[in-house]
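In the text below, chain A, chain B and the rest are named by the order of the sequence lines, each starting its count at 1. The figures that follow rest on heavy atoms only: side chains count, while hydrogens, waters and symmetry mates do not.
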Amino acid sequence: MFKKFTNPFLILSDRQLGFLAMFSTVLGILFAVLFHARFDGCLDLHFVQTSSISIVVLELSVSVFLLVIILFLVGKFSNPKTRFLDILLVVLIARLPIYLLIFKNIGNYTFNKISELENILLHAKGNFSNVSSWIEQYLMFLLFTSIIGLLAMVYFFILLFNGYQTATNIKKTKHIIWFIIAVIVAEIISKIIFYQL
Amino acid sequence: MQPKLPIQCPSCSNILLVSKLDCTNCLTSVSGNFKIPLLLQMSEEEQVFMLNFLLFSGSLKEMASQMGNSYPTVRNKLDDLILKVKNIQSQNI
């Protein structure tokens, strides 16, 4: 049962993984539009005042395909039998924890809280003694939001790595290092692309 | 309970040789030094896998569906098995 959550790619058929990937992606787009989120990076999620479906789909497409292409190339280099479909399904399904994080912004809650905190800190102009009592009430919010975010990212990486390992059958440490470098490179390139856009 | 054919020496882990075979019908015994065939040097799970591969005419997709595993998992098992067979073949030369 535990294995189904940490590595569904071992057990589920291509068709089942395909349904899960489509379901996960549609859910992600829907939540992002409803709760004003942006996928401005392969591993990124940020909240904004408003969002449109076209921007969400564009950003998601760039984020996903960049990571898929880079991981596929590295995977193919590690094991020539690596299939593009397997890597695509892995990336799409691994993003599910990121999509669940969007719930943090129901009613623009997180965006408003962070905006308020930013305003307080900006108005403090370096003198934090007056605002320390204000900041304290945000500490619990920041702590909670950080822990949730961290857990989601950990689960994302567990799914991504387990899926990649199943798709490529890598066993050597150097292949694992290439995987880590590939993810970092994909993130850097995605940030450059989004910065240009 | 069906006893399993031991393949490795429990003392030094070297591959065992068959030195005696008996006929249960006429009680004839045959002695010699016979190597265990390559296929029997695989684990039971691996032998079942190879048998299934044969029975499904080499269709990994069908094997995955029957075994309740994903296609990449079955393909990975096959690749690992191929590597193991090649290693045993090179050791036997």
Side-chain angles (χ1 to χ4, degrees), chain A residues 1-24 68 71-94 96 158-176 179, chain B residues 4-10 12-16 36-93:
Chain A
M1 186 69 182
F2 183 69
K3 212 155 200 176
K4 252 188 184 167
F5 284 105
T6 56
N7 197 353
F9 313 99
L10 275 179
I11 301 156
L12 300 178
S13 68
D14 283 352
R15 187 175 275 190
Q16 288 169 323
L17 289 171
F19 279 129
L20 187 59
M22 269 197 314
F23 174 74
S24 164
V68 167
L71 283 179
F72 174 66
L73 290 172
V74 171
K76 201 77 176 172
F77 191 69
S78 307
N79 180 0
K81 290 185 183 177
T82 304
R83 298 189 310 173
F84 184 83
L85 176 67
D86 293 333
I87 302 290
L88 176 65
L89 292 174
V90 164
V91 171
L92 288 175
I93 291 169
L96 190 55
I158 286 172
L159 287 174
L160 191 70
F161 177 72
N162 282 342
Y164 179 80
Q165 194 172 41
T166 305
T168 57
N169 200 23
I170 56 165
K171 290 182 173 62
K172 296 179 183 171
T173 308
K174 68 174 180 181
H175 294 146
I176 296 171
F179 162 79
Chain B
K4 289 180 192 170
L5 177 72
I7 302 158
Q8 278 183 323
C9 172
C12 67
S13 302
N14 201 33
I15 299 292
L16 296 169
I36 293 181
L38 189 143
L39 291 175
L40 288 177
Q41 292 182 41
M42 303 288 145
S43 69
E44 194 180 334
E45 193 195 332
E46 287 164 344
Q47 288 177 34
V48 167
F49 183 90
M50 286 190 286
L51 213 62
N52 281 334
F53 185 76
L54 191 70
L55 292 170
F56 285 109
S57 306
S59 169
L60 293 180
K61 203 173 166 185
E62 277 186 48
M63 274 181 76
S65 165
Q66 288 300 317
M67 286 166 70
N69 284 337
S70 64
Y71 172 85
T73 304
V74 175
R75 195 201 58 214
N76 293 343
K77 273 188 185 157
L78 179 67
D79 289 342
D80 291 343
L81 204 53
I82 290 169
L83 199 65
K84 187 171 179 179
V85 166
K86 282 181 177 173
N87 283 340
I88 293 172
Q89 280 180 328
S90 61
Q91 280 169 17
N92 287 346
I93 291 168

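- Applying the side-chain hydrogen bond (donor to acceptor under 3.5 Å, both in side chains) test to Ser70(B) and every residue at least two apart in sequence or in another chain returns Thr73(B).
- Most heavy-atom pairs under 4.5 Å with chain A: of the set Ser65(B), Ala64(B), Gly68(B), this distinction falls to Gly68(B).
- Atom CG of Leu83(B) and atom CG of Asn169(A) lie 9.5 Å apart (nearest 0.5 Å).
- The candidate from Met67(B), Lys61(B), Arg75(B) with the greatest count of non-hydrogen atom pairs under 4.5 Å with chain A is Arg75(B).
- For Leu10(A), the parts lying under 4.5 angstrom from a heavy atom of chain B are both the backbone and the side chain.
- Counting non-hydrogen atoms of other residues, nucleotides and ligands closer than 6.0 Å to CZ of Phe77(A) gives a total of 12 or fewer.
- Residues Pro72(B) and Thr166(A) come closest through the heavy atom pair CB-O, 3.6 Å.
- When all heavy atoms of Asp80(B) and Lys171(A) are compared, the closest pair comes out as OD1-NZ, 3.1 Å.
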Checklist entry - Given Leu78(B) and Lys81(A), is the side-chain contact (heavy atoms from CB on, under 4.5 Å) satisfied, shown in steps? => result CA-CA 12 Å; Leu78(B) 179 67; Lys81(A) 290 185 183 177; over 6 Å; no
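- With a 4.5 Å cut-off on non-hydrogen atoms, Asn69(B) touches chain A through its backbone and its side chain both.
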